[in-house]
Amino acid sequence: MKHFTSVNHIDDLDELLLLAKQIKSNPYANKTAGENKTLGLLFFNPSLRTRLSTQKAAANLGMNCITMNLNNEGWSLEFEDGAVMDGDKAEHIKEAAQVISQYCDIIAIRSFPSLTDKEKDEEEHVINAFVQYASVPVISLEGATEHPLQAVADILTIQEYKTTQKPKVVLTWAPHPKALPHAVPNSFIKMMQLANVDFVITHPEGYELNPEVTKNSTVTHNQEEAFKDADFIYAKNWSNYNDYGQILSQDAAWMVTPEKMALTKQAKFMHCLPVRRNQVVSDAVLDGADSIVISQANNRTYAAQAVLTKILAHESQ
Ligand code: AN0
Ligand code: CP
C-alpha cells in the first residue's frame with residue numbers, strides 16, 4: 001500500500017483486518033517498525049477521534065508525530081496552477097507539499113469538502129494535490145469524498161460483534177441541523193460492498209448518494225422496512241448530493257429511536273461520532289446496551305495502526 005486516500009486502495013481486505021486484529025491483541029508487538037520515521041498530521045478541519053487515534057497508532061509503532069492545524073496555524077495555501085498570487089494566499093501547495101515531505105515520511109491530511117463546488121470536491125483536489133506534489137505516502141484523515149480509516153474501523157467492529165455469518169447491515173440517513181459531507185457514507189458503502197454482509201441503505205426521497213458509489217446496493221425510502229431483521233444499524237446524516245450541499249429535510253421522523261430499534265433483530269447501533277443526541281439518535285438508543293459506538297471509536301486506533309504498518313512495510317521494500 002503506497003497511499004491510503006480511498007477504500008479502493010485496499011488490495012486485500014481480509015489481510016488488513018487480520019493485521020488490525022493482531023495489532024489489537026498486542027498493540028506494541030511492532031514498536032520499532034516506525035523508529036526514526038515521522039508522521040505529519042495536517043488538519044484543515046476539527047477532529048477528536050482521528051487526531052488522537054492516529055497519533056496513538058503512530059506512537060505504538062515507535063513513530064514520531066508532528067501535528068498542525070493548517071487552517072489557522074499555517075500560511076493560507078494556493079492550489080491553482082499558474083495562479084497570480086496577489087491575494088490572500090501566501091504559499092503554493094507545490095512548495096508546501098514538497099517542504100513537508102522533507103520533514104515527514106508519511107503525510108496524513110483532513111480536508112472536508114466545500115459542499116458548494118461539487119466538481120472540485122469530487123476531484124478531491126486538496127488531498128490529490130498533496131499526492132501530486134509530496135514525495136512521500138499520503139493518508140486521508142477524511143477528505144471531500146471519503147473517510148477510509150473510519151470504514152476500516154467500522155468493518156472491524158462489525159466483524160467483532162456479528163453473530164451470524166452474513167449479518168444484515170443498514171445504513172440509515174438521520175436528521176441533522178448542519179450540512180454534512182458524504183465522505184463517511186461513501187466509504188462505509190464501499191466497505192460494505194467488499195464485505196460479506198446483506199447491505200441496505202435507507203434515506204428520504206431525494207437524498208440519493210453518488211450512483212458511482214452506491215452502484216447496485218439496495219436502497220429503500222422506507223426506513224421501518226429497512227430496519228426489519230437488521231443486525232447492525234449505522235446512522236449518519238449527509239447533505240443533499242444532487243442539490244449539492246443543501247439541506248432539504250430535517251425530518252425528525254428519521255431519528256433512530258427505541259421503537260425503530262425494536263423492529264430489528266436486536267441490532268447493534270453504530271455511528272462514527274461526533275453525534276448530535278436527540279437529533280440523529282435518541283438518548284435511550286445511544287446509552288442503551290446495544291450501542292457499540294465507543295468500541296467502534298476504540299477500533300480507530302487499530303485501523304490506523306494497520307494502515308500505517310502496511311505503508312511502512314511498502315516503503316521499506
Ligand atoms: C463530519 C462528517 O459528517 O463528515 C465528521 C465525521 C467524522 N461530521 C461533522 O462535521 C459533525
Ligand atoms: N469519526 C471521526 O472521524 O471523528 P473526528 O471527526 O472526531 O476525528
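Predicted model, so just to flag it, every value in this text is computed and none were measured. Counting starts at 1 for both ligands and their atoms, following the listed order. Hydrogens, waters and symmetry mates play no part in the numbers below; they use all other heavy atoms, side chains included.
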Shortest protein heavy-atom distance from [atom], along with the residue and atom involved:
atom: atom 2 (C) of ligand 1; value: P181 CD, 3.5 Å
atom: atom 3 (O) of ligand 1; value: K236 NZ, 2.7 Å
atom: atom 4 (O) of ligand 2; value: R49 NE, 2.8 Å

Does the cation-pi check pass for K265 over F232, that is, NZ or CZ under 6.0 Å from the six-membered ring centre and within 45° of its axis? no
Parallel, tilted or perpendicular, judged at 30° and 60°: which one describes the rings of [X] and [Y]?
X: Y133; Y: H92; result: perpendicular
X: W173; Y: W254; result: perpendicular
X: Y241; Y: Y244; result: perpendicular

Residue part near ligand 2, for V184, under 4.0 Å between non-hydrogen atoms: neither
What part of R110, side chain from CB on, backbone N/CA/C/O, both or neither, has a heavy atom under 4.0 Å from ligand 2? side chain
Atoms in ligand 2 with a heavy atom of [X] nearer than 4.0 Å:
X: L48; result: 5 (P), 7 (O), 8 (O)
X: R300; result: 1 (N), 2 (C), 3 (O)
X: H147; result: 2 (C), 3 (O)

Do [Y] and [X] meet the salt-bridge criterion of a basic N to acidic O distance under 4.0 Å?
X: D198; Y: K166; result: no
X: E225; Y: K228; result: yes
X: E80; Y: K120; result: yes

So is there a nitrogen or oxygen of [X] less than 3.5 Å from a nitrogen or oxygen in ligand 2?
X: C272; answer: yes
X: E142; answer: no
X: R51; answer: no

Quick check against the 3.5 Å criterion: does [X] have a side-chain atom that pairs as donor or acceptor with the backbone of [Y]?
X: H9; Y: T5; answer: yes
X: T145; Y: E122; answer: no
X: S291; Y: L286; answer: yes

Note: T50, heavy atoms under 4.0 Å from ligand 1, region reported as neither
Identify, by atom number and element, the atoms of ligand 1 in contact range of L180, meaning under 4.0 Å from any of its heavy atoms. 3 (O), 9 (C), 10 (O), 11 (C)
For L273, the ligand 1 atoms with a heavy-atom partner under 4.0 Å come out as 7 (C)
Any nitrogen or oxygen of E142 lying under 3.5 Å from a nitrogen or oxygen in ligand 1? Just yes or no. yes
Output yes when the distance from some N or O of ligand 1 to some N or O of R110 is under 3.5 Å, and no in every other case. no
Any heavy atom of Q150 closer to ligand 2 than 4.0 angstrom? yes
Rounding to 0.5 Å, atoms CG (D14) and CD (Q159) come to a distance of 7.0 Å
